[in-house]
Asks: 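I'd like to ask you about the structure that follows.
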Amino acid sequence: MPAFQTTPGTRDILPPDASRWRAFVDVFASVVERAGYEQIVLPMFEDLGVFQRLGDTTDVVTKEMYDFVDKGGRHVALRPEQTAGVCRAFVQHHPNVPWKVWYSGPNFRYEKAQQGRYRQFDQVGIEVLGVDDPLLDVEVISLAHSFYRELGLCDVELRVNSLGDTGDRARYVDALAAYLRSRETELSRESQATLARNPLRVLDSKRAEDREVVAQAPSISGFFSHGAASHFAAVQEGLALLGIDFVVDDRLVRGLDYYRSTTFEFVSTALDAAQTAIGGGGRYDGLVEDLGGDPTPGIGFAIGVDRTLLACDAESTFAAPDGTADVFVVDTTGGRTALLLAAQLRGAGLRTERAYGAKSMKSQMKTANRSRAAVAVIIGEDELARGVATVRPMDGGEQTHCPLDAVVATVLDIVSKGKS
RNA sequence: GUGGGCGUAGCUCAGCCUGGUUAGAGCGUCAGGUUGUGGCCCUGAAGGCCGGGGGUUCAAGUCCCCUCGCUCACCCCA
């Protein structure tokens with residue numbers, strides 16, 4: 001047992017997973033940048049108040065915040081998500097609208113870890129501020145959809161719902177609370193407690209005892225104003241236009257209190273775990289105002305990197321990029337020639353590995369084999385004396401000698417043939 | 001925060017129920033079998049205060065208690 005290990009809920013992303021991680025973000029960036037989204041990098045901690053605007057009945061705020069007082073007496077918190085930060089930045093810098101940004105990076109929530117849930121977890125996401133058009137909702141959803149497809153995921157279900165406008169939501173919450181209270185004794189104890197602080201969350205309950213009561217609960221759709229109803233209808237039509245399959249789930253309420261109007265969630269049906277929601281988002285038309293800005297509509301989504309990668313594992317797609325070397329330089333004469341040749345090969349763009357220390361020819365060849373290099377360049381006493389190198393294709397082809405200054409060209413030739 | 005399962009070599013695990021000489025296997029690593037050549041094969045080596053602490057006992061990896069950690073689930077969410 002080492003003296004130190006990772007703190008609970010955190011972990012090291014080791015090779016080769018870390019390069020897969022980076023590739024994941026690269027794919028995401030390419031999908032959203034094609035749609036005109038620009039990268040934004042926000043602080044990982046902010047004034048606690050920024051995140052309290054997420055709602056004082058959300059667990060993320062009330063019990064999962066990683067907050068502390070810094071040396072200057074400021075009460076700050078590690079960000080639990082990035083939407084609030086984006087809105088704060090929008091208010092602070094008043095960019096032109098529409099403001100279309102994407103981000104990636106870690107978020108922090110103080111909760112007990114389990115599969116697909118960590119105290120430090122990464123998300124990629126986009127946000128758009130300043131546009132109320134329901135067809136933007138469709139575009140936002142379609143970008144997440146495209147991203148999943150680009151990763152090779154098939155078993156992803158899209159669930160959409162609308163929470164109506166602010167007034168609709170309030171009226172619905174009242175009606176729902178009244179209904180749930182009328183059947184309170186039938187609910188699980190946990191749900192009874194949830195009812196007292198946030199009736200909407202009861203709809204999320206996974207407990208069997210609650211299922212029937214929840215199933216018979218009134219639907220938000222009965223409370224939509226004309227505007228909210230037509231917005232939601234337009235979103236559904238737009239999704240159909242793009243040929244994106246979805247199901248309307250009027251029990252989909254989502255965890256952050258700021259959501260209004262369109263909400264959606266992507267669920268992996270390939271995942272056999274408690275955490276199957278791999279991405280989600282929606283409209284938050286009141287959030288900018290809550291943060292002190294002018295009333296500004298907003299919409300976005302966040303995708304969990306760990307969970308989505310878990311889904312990729314379950315569907316055997318998006319494997320870690322392999323670290324195969326192009327060429328391996330073996331040198332049993334001290335290593336200076338290998339050092340020089342490796343630098344030249346790398347300068348020519350070849351992925352070049354070599355052995356370190358005075359190892360035997362056999363040992364170095366073993367290492368070369370393990371690196372899966374296509375070619376080995378061998379410098380032994382004979383080569384050193386004659387000023388040449390032996391170039392050996394590792395697939396069993398004939399090995400040849402060539403002058404040291406022709407090694408790069410010779411290797412390039414073999415590698416390019418192997419790749420074509 | 002609550003509950004279940006699990007902590008033995010770098011990794012995956014056996015041994016624990018029914019305490020008893022130097023704690024094992026596979027994989028991986030390193031070296032050798034070829035005094036200059038990888039894969040397959042063979043041989044050998046290194047590597048463990050059996051998570052930590054306390055207790056019971058002549059004797060604890062094994063039984064008991066505590067603790068820390070991991071893990072799965074609840075809550076909640078990505």
Side-chain angles (χ1 to χ4, degrees), chain A residues 1-11 14 54 57-64 80-83 104-125 144 188-191 193-194 197-198 200-202 204-210 252-256 259 265-268 271-281 301-311 328 330-333 355 357 359-385 390-396 399:
Chain A
M1 188 59 61
F4 294 106
Q5 24 180 358
T6 49
T7 250
T10 67
R11 70 258 192 256
L14 301 172
L54 300 177
T57 62
T58 64
D59 284 4
V60 168
V61 172
T62 56
K63 61 178 208 190
E64 295 171 4
E81 50 109 68
Q82 304 213 36
T83 304
S104 74
N107 305 307
F108 307 84
R109 293 181 195 172
Y110 194 90
E111 51 190 351
K112 200 151 172 179
Q114 68 189 68
Q115 187 173 66
R117 200 186 67 182
Y118 303 97
R119 287 183 177 174
Q120 177 177 335
F121 64 100
D122 268 60
Q123 291 181 328
V124 294
S188 63
R189 271 178 55 202
E190 293 88 344
S191 285
T194 306
R197 81 173 186 278
N198 191 346
L200 275 182
R201 302 244 56 81
V202 177
D204 259 353
S205 170
K206 291 176 194 162
R207 276 173 296 273
E209 317 95 271
D210 298 329
L252 175 64
V253 290
R254 305 201 48 72
L256 288 328
Y259 284 116
E265 191 166 279
F266 290 90
V267 173
S268 169
L271 240 31
D272 182 27
Q275 269 67 42
T276 56
I278 56 176
F301 66 72
I303 287 171
V305 177
D306 314 271
R307 289 189 190 178
T308 304
L309 251 16
L310 241 31
F328 192 102
V330 169
D331 180 351
T332 57
T333 68
K359 303 233 181 178
S360 70
M361 173 79 63
K362 173 174 178 160
S363 169
Q364 292 192 42
M365 286 302 292
K366 278 189 176 183
T367 310
N369 183 55
R370 224 176 302 127
S371 77
R372 291 186 295 171
V375 184
V377 171
I378 301 167
I379 309 296
E381 296 299 340
D382 288 355
E383 287 85 350
L384 190 66
T390 296
V391 177
R392 177 180 175 84
M394 294 300 278
D395 61 4
Q399 69 182 33

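If you're wondering where the values come from, they're calculated on a predicted model, not measured in any experiment. Just so it is clear: chains get the letters A, B, ... in the order the sequence lines come, proteins before strands, and each one is counted from 1. Just so you know, these numbers use all the heavy atoms, side chains as well, and skip hydrogens, waters and symmetry mates.
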Asks: Hey, could you give me the OH/OG1 distance between A:Tyr118 and A:Thr6, rounded to the nearest 0.5 Å?
Replies: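 That separation rounds to 11.0 Å.
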Asks: Measuring from atom NZ of A:Lys359 to atom OG1 of A:Thr367, what distance do you get when rounded to the nearest 0.5 angstrom?
Replies: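 Result: 6.0 Å between the selected atoms.
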Asks: What nucleotide among B:U37, B:U2, B:C76 has an atom nearest to a side-chain atom of A:Thr194?
Replies: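 Closest nucleotide to the A:Thr194 side chain: B:C76.
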Asks: Taking OP1 and OP2 of B:G38, is either one under 4.0 Å from a side-chain nitrogen or oxygen of A:Ser371?
Replies: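 Result: no.
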Asks: What integer number of Å spans the P atoms of B:A23 and B:G51?
Replies: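 These two P atoms come out 15 Å apart once rounded.
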Asks: Among the nucleotides B:U37, B:C76, B:G1, which one has an atom lying closest to any side-chain atom of A:Gln275?
Replies: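 The listed nucleotide nearest to A:Gln275's side chain is B:C76.
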Asks: Measure from the side-chain N and O atoms of A:Arg307 to the backbone N and O of A:Gly279, and report whether any donor-acceptor pair falls under 3.5 Å.
Replies: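 It does not hold such a pair.
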Asks: Using the C1' atom on both, measure B:G32 against B:U71 and round to a whole Å.
Replies: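 Between the two C1' atoms, the distance is 42 Å.
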Asks: Which whole number of Å gives the distance between the P atom of B:G48 and that of B:U8?
Replies: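 Comparing P positions in B:G48 and B:U8 gives a spacing of 15 Å.
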Asks: I need the OH-C1' distance between A:Tyr110 and B:G1, as an integer number of Å.
Replies: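 That distance rounds to 10 Å.
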Asks: Here's a test of your reading of the structure: between A:Thr367 and A:Glu383, which maps to the more 5' nucleotide of RNA chain B?
Replies: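 So the residue in question is A:Thr367.
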Asks: Please determine, by modelled atom types, if A:Glu81 and A:Gln123 share a side-chain donor-acceptor pair under 3.5 angstrom.
Replies: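 There is no such pair (donor and acceptor under 3.5 Å, judged by atom type) between the side chains of A:Glu81 and A:Gln123.
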Asks: Looking at every heavy atom in both A:Ala311 and A:Ile278, which two are closest together, and how far apart are they?
Replies: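 That would be CB-CG2, 4.4 Å.
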Asks: In whole Å, I'd like the distance from the CD1 atom of A:Ile303 to the C1' atom of B:C77.
Replies: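 Taking CD1 of A:Ile303 and C1' of B:C77, I get 15 Å after rounding.
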Asks: Specify the residue among A:Pro393 and A:Ser360 whose closest nucleotide of RNA chain B lies further upstream toward the 5′ end.
Replies: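 Its nucleotide being nearer the 5' end, the pick is A:Ser360.
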Asks: Each nucleotide in nucleotides 42-48 of chain B should get exactly one letter: B, S or -. Can you fill that in based on protein heavy atoms under 4.0 Å?
Replies: -------
Asks: Please work out if A:Thr308 contacts a base, only the sugar-phosphate, or nothing of the nucleic acid, heavy-atom cut-off 4.0 Å.
Replies: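 A:Thr308: no heavy atom of the nucleic acid under 4.0 Å.
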Asks: Using whole Å, report how far CG of A:Leu384 lies from C1' of B:G36.
Replies: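 In whole Å, B:G36 C1' and A:Leu384 CG are 13 Å from each other.
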Asks: Pick base, sugar-phosphate or nothing for A:Ala368, based on heavy-atom distances below 4.0 Å to the nucleic acid.
Replies: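 Answer is nothing: A:Ala368 stays at 4.0 Å or more from every strand.
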Asks: Going from OH on A:Tyr259 to CG on A:Leu252, what distance comes out if it is rounded to the nearest 0.5 angstrom?
Replies: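 Here the rounded value is 9.5 Å.
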Asks: Are side-chain N/O atoms of A:Glu383 and A:Thr390 paired as donor and acceptor at under 3.5 Å?
Replies: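 On atom types as modelled, these side chains qualify, holding a pair under 3.5 Å.
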Asks: A side-chain contact here means heavy atoms from C-beta on lying under 4.5 Å apart; do A:Thr308 and A:Val124 qualify?
Replies: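 A side-chain contact under 4.5 Å is absent here.
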Asks: Would you say A:Arg117 and A:Lys112 make side-chain contact, with heavy atoms under 4.5 Å?
Replies: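 Answer yes - side chains close enough.
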Asks: Over how many whole Å does the gap from A:Arg307 atom CZ to B:A78 atom P extend?
Replies: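 About 8 Å, once rounded to whole Å.
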Asks: Reading 5' to 3' and counting Watson-Crick or G-U wobble pairs with both distances under 3.5 Å, write the dot-bracket notation for RNA chain B, | for bases paired outside the strand.
Replies: (((((((..((((......[...)))).(((((.......))))).....(((((..]....))))))))))))....
Asks: Mind checking the C1' distance from B:A60 to B:G53? Whole angstroms is fine.
Replies: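 These two C1' atoms come out 15 Å apart once rounded.
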Asks: B:U2 P sits how many Å from A:Lys112 NZ, rounded?
Replies: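 Atom NZ in A:Lys112 sits about 7 Å away from atom P in B:U2.
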Asks: Could you tell me whether the side chain of A:Gln399 has a donor or acceptor atom within less than 3.5 Å of a complementary atom in the base of B:U37?
Replies: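 Indeed there is one.
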Asks: Pick out which of A:Thr10, A:Val305, A:Asp122 makes a side chain to side chain contact (heavy atoms under 4.5 Å, CB included) with A:Pro106.
Replies: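 Among A:Thr10, A:Val305, A:Asp122, the one that satisfies the side chain to side chain contact (heavy atoms under 4.5 Å, CB included) with A:Pro106 is A:Asp122.
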Asks: Would you measure the distance from the C1' atom in B:G20 across to the matching atom in B:G15 and give it in whole Å?
Replies: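 My reading of the C1' atoms in B:G20 and B:G15 gives 14 Å.
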Asks: Can you name the closest pair of heavy atoms from A:Phe266 and A:Ala144 and give their distance?
Replies: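 Residues A:Phe266 and A:Ala144, closest heavy atoms: CE1-CB, 3.5 Å.
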Asks: Among B:A73, B:G36, B:C77, which is the nearest nucleotide to the side chain of A:Ile378?
Replies: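 From the listed options, B:G36 comes nearest.
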Asks: Considering only heavy atoms, which members of residues 114-124 of chain A lie under 4.0 Å from some atom of RNA chain B?
Replies: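 Under 4.0 Å from RNA chain B: A:Gln114, A:Gln115, A:Gly116, A:Arg117, A:Tyr118, A:Phe121, A:Gln123.
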Asks: For residues A:Ala113 and A:Gly9, report the shortest heavy-atom separation together with the two atoms involved.
Replies: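 Closest approach of A:Ala113 to A:Gly9: CB-CA, 3.8 Å.
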Asks: Measuring to OP1 and OP2 of B:C77, would you say a side-chain N or O of A:Arg201 lies under 4.0 angstrom away?
Replies: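 Checking A:Arg201 against B:C77: at least one side-chain N or O falls below 4.0 Å of OP1 or OP2.
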Asks: Between A:Phe4 (CZ) and B:G69 (C1'), how many Å, whole number?
Replies: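 Rounded to whole Å, this separation is 15 Å.
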Asks: Is there a side-chain contact between A:Glu265 and A:Val267 (heavy atoms, below 4.5 Å)?
Replies: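 SC-SC contact between A:Glu265 and A:Val267 confirmed.
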Asks: Would you indicate which nucleotide in B:A31, B:G38, B:G36 comes nearest to any side-chain atom of A:Lys359?
Replies: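 Nearest nucleotide to the side chain: B:A31.
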Asks: B:A9 and B:G5: how far apart are their P atoms, nearest whole angstrom?
Replies: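 Between the two P atoms, the distance is 22 Å.
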Asks: Please tell me which of the listed nucleotides, B:G38, B:G36, B:U71, lies nearest to the side chain of A:Thr390?
Replies: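 Per side-chain heavy atoms of A:Thr390, the pick is B:G36.
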Asks: Between N or O atoms, less than 3.5 Å apart, protein on one side and nucleotides 8-10 of chain B on the other: list the pairs.
Replies:
none

Asks: Please table the atom pairs, donor to acceptor, closer than 3.5 Å between any side-chain atom in residues 371-379 of chain A and protein atoms at least two apart or in another chain.
Replies:
from, atom 1, to, atom 2, distance (Å)
A:Ser371, OG, A:Ala368, O, 2.7
A:Ser371, OG, A:Ala373, N, 3.2

Asks: Quote, to the nearest angstrom, the P distance that separates B:C64 from B:C6.
Replies: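 Going atom to atom, P in each nucleotide, I get 12 Å.
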Asks: Among all residues two or more places apart in sequence or in another chain, which pass the side-chain contact (heavy atoms from CB on, under 4.5 Å) test with A:Thr194?
Replies: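 For A:Thr194, the residues satisfying side-chain contact (heavy atoms from CB on, under 4.5 Å) (neighbours in sequence not counted) are A:Arg197, A:Arg201, A:Val202.
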Asks: Indicate whether OP1 or OP2 belonging to B:U29 is found under 4.0 Å from a side-chain N or O atom of A:Arg370.
Replies: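 Yes, A:Arg370 has a side-chain N/O under 4.0 Å of OP1/OP2 on B:U29.
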Asks: Check the distance between B:C40's C1' and A:Asn369's CG and give it to me in whole angstrom.
Replies: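 Whole-Å distance recorded here is 11 Å.
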Asks: What integer number of Å spans the C1' atoms of B:C68 and B:G54?
Replies: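 Rounded to whole Å, the distance is 14 Å.
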Asks: May I have the distance from A:Asp382 (atom CG) to B:U35 (atom C1'), rounded to whole angstrom?
Replies: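 So the two atoms are 13 Å apart, to the nearest Å.
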Asks: Ignoring hydrogens, what is the shortest heavy-atom contact between A:Met361 and A:Val330? Give both atom names and the distance.
Replies: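 Of all heavy-atom pairs spanning A:Met361 and A:Val330, the closest is SD-CG1, 4.0 Å.
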Asks: Check if the side chain of A:Glu111 and the base of B:A78 share a donor-acceptor pair of N or O atoms closer than 3.5 Å.
Replies: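 A donor-acceptor contact between them is present.
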Asks: Less than 4.5 Å apart, any side-chain heavy atom of A:Phe108 and any of A:Arg119?
Replies: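 No, side chains not in contact.
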